[in-house]
Each structure stands twice: as C-alpha cells, then as structure tokens.
Asks: 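This is the structure I want to talk about, given as structure tokens.
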Amino acid sequence: VWSRSSAVFLIPIGLAAGQRWEWAEPAMGTLVRITAYAPNAAAVRAAFARVHELDDRLSDYKPDSEVSRLSGQAGRVRISEDLFRVLSISHELASDSEGAFDVTLGPLVRLWRRARAEARMPSLDMLERARAAAGFRKLRLRPGEVELLVEGMALDLGGIAKGFAASEALAAMQERGATQAMVAVGGDLAVGDPPPGAAGWRIAIRHEVLTLSNTCISTSGDTEQFAEIGGVRYSHIIDPRTGIGLRNQGEVTVIAPSGALADGLATALGVMDPEAGRALLSKYRAVRR
Ligand code: ADP
Ligand code: MG
C-alpha cells in the first residue's frame, strides 16, 4: 500500500468506536506513516499538513526552505517559531554533548554527500575549509532570530527534524481529539494513547517488540546511508571532532519524552563514548534500547 508517489492513501477500517485510519506519504526525505483511531480523517489530514509545513521550513534539500535560505549568509536573520524551537533544543543538545550533536555541520555533511556520490575521499584542504565553517559556538540564538558568525555556514537538521516533526504531527492530532494515534517519520516515531483495547503501540526494534504509549522512539544507524570509499564504510553521522563520518557505527535506539530529543540523542550517542552517553541520557530522562 505504501507508495513513493505523492498520492494519498486512506484506508478506513470500520470499528465500533470510530475508525482506524492509516495514511502514508513521502515527506522529509523519507516515508511518513500515520495511524489514528478517530471518527473521521480530519485529524490525520491536519497531521500531514503539519509535516509538510515543517518540511518546507526545516529541509536542507529544498533550496527555498527557510533553513536553506539562511545558510550561507553570515549575519542576523529573523526565523520562524518552529525553527527557533528546533535550534533551541539543538543548541542545548550541542552544549550537553560537548558538540557531539551539532546542527552546524552542514558544510561537512555536504562534503561527505559529494564524497559518497563520487566514492572518493574529500581533500584535506576541503575538509579543513568545511570544518572552519562548522561549530555550534559560531551560531547565536535569540528569540525569533539566529546569527551565523562565519561566512559559508550551513545548518543541517537531518539529525533532529524528523523526530521533531513526528511529535508535532502527533500533537496536531491530539489537539483535534484523536489521542489514539502514532506517527512514524522514517525511523523516528511518536506514539500517543494506546489503540482501543491494547496496552500500547507495538514497535519492533532489532530483536524485540516494545509496547509503548505517550512517548517517542528513534533509531539511528548506518544501515541505509553510508559512503563506501576504499573499502571503508563512513556513516552519514559525522564526528565533529574529526569532520569524518563514523566508521564503527552500530544501531542506536533511544526512547525520550519528545521526538526531537529521541532523534537528536540517538544521533549524538553514535558519536559519544558510552559513559558520556549515559550521562546525557539521564539528564533528558531518556533511555537507550
Ligand atoms: P537518519 O537520518 O538516518 O534517521 P540520524 O537521525 O542519525 O539518522 O541523522 C543523521 C543526519 O544528521 C545526517 O544525515 C546529517 O544530516 C546529520 N548529522 C550528521 N552528523 C551529525 C552530528 N554529529 N550532529 C548532528 N547532526 C548530524
Ligand atoms: Mg537522529
């Protein structure tokens, strides 16, 4: 039933108390899947509208997204409330992880995307130039405004935007009374109240099935996205200390109170040593599975 086209699939299944709605649509560079129990599809439609709105603001693939437009230009720029919220959480995660999670790695992410396409290591010179334009301390955040301190900076929210969108889409349904719902933005999930008669939403990760409600869960790993150069696999997660993709990345799953945190923490843990990672998780009341 899932499709890569932009067509919309609504599958109503009759139930005594309302209906079960399932809807899948590509957005945010992945497939977004929503399941909800509700009398009609209005809440699900609202959730999708919210996802697309966030995609338009936060995507670094869309040349005229808010994020793409502000990248490259040093100086102060007014930003939307959504972007401000994502950047605030990002900044806190960056400080708390000593920069392991860093949304200013845009220049490095682009460099590695090209390396992956060409199957060739970036030159040291290009690596150095990209590193000079990265680093969360070169970004200043004030309410409603961001300031990029260095020329050539680029923001990349690939490690947090999907989780944020999952939570926001769930909230859009909850506001409309559809509290028994779940949203999956690729591997970033937000779940609300359990389905009728169930203890929770059954979520399969690696070797176990978890039963969850009113929480968020994100899995990050290099199973799909990596560059293979000279027989070595470089993850799409970059170690900010070296500017190079992780080489020994396993899968990391994190359960956290918000989607942005689950997503961001799962990305950060790939970079951090285990002990620092545990301390970071406990600060945010998050757990690793
Ligand atoms: P996925 O996109 O597969 O769900 P992640 O949530 O781990 O995986 O995000 C990886 C993406 O995050 C990369 O593609 C890149 O856009 C961005 N990124 C890479 N390294 C970092 C990092 N150290 N901190 C924050 N974001 C990063
Ligand atoms: Mg992530």
Side-chain angles (χ1 to χ4, degrees), residues 26-33 54-55 58-62 65 67-68 71 86-87 89-117 127 130-131 134-139 153-167 183-190 205 216-227 233-256 258-273 276-277 280 286 288:
M28 309 204 84
T30 185
L31 190 65
V32 179
R33 291 172 298 149
L54 288 171
D55 201 1
L58 307 179
S59 166
D60 66 300
Y61 281 98
K62 294 190 171 180
S65 73
V67 159
S68 297
S71 293
V86 174
L87 290 179
I89 304 164
S90 299
H91 201 77
E92 209 188 331
L93 278 174
S95 319
D96 291 338
S97 67
E98 278 159 26
F101 182 84
D102 190 339
V103 295
T104 69
L105 299 181
L108 286 159
V109 172
R110 290 177 186 179
L111 196 61
W112 282 97
R113 264 187 211 148
R114 213 174 318 136
R116 168 172 142 178
L127 200 59
R131 288 183 68 184
F136 72 98
R137 291 190 181 86
K138 296 169 190 151
L139 179 154
M153 288 178 73
L155 303 183
D156 181 314
L157 305 175
I160 192 166
K162 293 196 289 292
F164 182 78
S167 281
V183 181
V185 183
D188 298 293
L189 279 65
I205 56 161
C216 296
I217 177 166
S218 286
T219 299
S220 167
D222 66 346
T223 42
E224 285 167 39
Q225 291 204 54
F226 58 85
R233 272 188 178 203
Y234 298 92
S235 162
H236 67 141
I237 298 179
I238 290 164
D239 185 335
R241 292 166 295 196
T242 60
I244 294 173
L246 299 181
R247 259 160 295 189
N248 48 356
Q249 202 211 344
E251 230 175 50
V252 178
T253 296
V254 171
I255 301 174
S258 84
L261 282 178
D263 191 359
L265 287 169
T267 303
L269 289 196
V271 178
M272 299 173 80
D273 70 62
L280 182 67
R288 179 176 182 165

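As the structure is a computational prediction, the values presented were derived from the model and not from experiment. Atoms within a ligand are numbered from 1 in the order they appear, just like the ligands themselves.
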Asks: How does Asp156 reach ligand 1, by side chain, by backbone, by both or by neither, if only non-hydrogen atoms under 4.0 Å count?
Replies: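 The part of Asp156 near ligand 1 is the side chain, not the backbone.
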
Asks: Listed by chain and number, what are the salt bridge (Lys or Arg N to Asp or Glu O under 4.0 Å) partners of Lys62, not counting sequence neighbours?
Replies: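 Asp55, Asp56.
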
Asks: What atoms of ligand 1 come closer than 4.0 angstrom to any heavy atom of Ser220?
Replies: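 In order of number, 5 (P), 7 (O).
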
Asks: May I have the step-by-step check of side chain to side chain contact (heavy atoms under 4.5 Å, CB included) for Leu157 and Val103, ending in yes or no?
Replies: CA-CA 6 Å; Leu157 305 175; Val103 295; 3.7 Å; yes

Asks: Val103 to ligand 1: N or O pair under 3.5 Å?
Replies: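 There is no such contact.
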
Asks: Got an N/O contact under 3.5 Å between Gly159 and ligand 1?
Replies: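 In this structure, Gly159 places an N or O atom under 3.5 Å from an N or O of ligand 1.
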
Asks: Between the side chain of Arg137 and the main-chain N/O of Gly99, is any donor-acceptor distance below 3.5 Å?
Replies: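 Looks like no, no N/O pair under 3.5 Å.
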
Asks: Please state which option from Asp102, Asp239, Ile238 has its nearest heavy atom closest to atom 25 (C) of ligand 1.
Replies: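 Result: the heavy atom closest to atom 25 (C) of ligand 1 is in Asp102.
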
Asks: When you look at Ile160 and Val86, which way does the side chain to side chain contact (heavy atoms under 4.5 Å, CB included) test go after all the steps?
Replies: CA-CA 8 Å; Ile160 192 166; Val86 174; 3.8 Å; yes

Asks: Within the 4.0 Å heavy-atom shell around Ile237, which atoms of ligand 1 are there?
Replies: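 Numbered from 1, ligand 1 contributes 7 (O), 19 (C), 20 (N).
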
Asks: At under 4.0 Å between heavy atoms, is it the side chain or the backbone of Leu105 that contacts ligand 1, or both, or neither?
Replies: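 Side chain only; the backbone of Leu105 stays clear of ligand 1.
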
Asks: Give the contacting part of Ala100 toward ligand 1: side chain, backbone, both or neither, where contact means a heavy-atom distance below 4.0 Å.
Replies: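 Near ligand 1, Ala100 shows its backbone, while the atoms from C-beta on stay back.
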
Asks: Does the N or O separation between Thr267 and ligand 1 drop below 3.5 Å for any pair?
Replies: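 Yes; at least one N/O pair falls below 3.5 Å.
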
Asks: Any chance CZ of Arg113 has more than 12 other-residue heavy atoms, nucleotides or ligands included, within less than 6.0 Å?
Replies: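 Counting neighbours around CZ of Arg113, more than 12 heavy atoms of other residues, nucleotides or ligands fall under 6.0 Å, so yes.
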
Asks: Whether the side chain of Ser167 engages the backbone of Gly259 through a donor-acceptor N/O pair (distance < 3.5 Å, no angle test) should be reported.
Replies: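 Side chain of Ser167 to backbone of Gly259, a donor-acceptor pair under 3.5 Å: yes, one is there.
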
Asks: If only atom types and distance count, is the side chain of Arg131 paired as donor or acceptor with the main-chain N or O of Pro107 below 3.5 Å?
Replies: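 Looks like no, no N/O pair under 3.5 Å.
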
Asks: I want to confirm something. Looking only at heavy atoms, which of Gly158, Ser90, Gly186, Gly245 is nearest to atom 11 (C) of ligand 1?
Replies: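 Comparing heavy atoms across Gly158, Ser90, Gly186, Gly245, the nearest one to atom 11 (C) of ligand 1 lies in Gly158.
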
Asks: Counting only N and O atoms by type, is there a donor-acceptor contact under 3.5 Å from the side chain of Asp263 to the main-chain atoms of Ser218?
Replies: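 Not a single qualifying donor-acceptor pair exists.
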
Asks: Going by heavy atoms, is Ser218 under 4.0 Å from ligand 1?
Replies: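 So Ser218 does not count as touching ligand 1.
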
Asks: Can you sort out which atoms of ligand 1 are near Lys162, meaning under 4.0 Å from one of its heavy atoms?
Replies: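 Selected atoms, number and element: 1 (P), 2 (O), 4 (O).
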
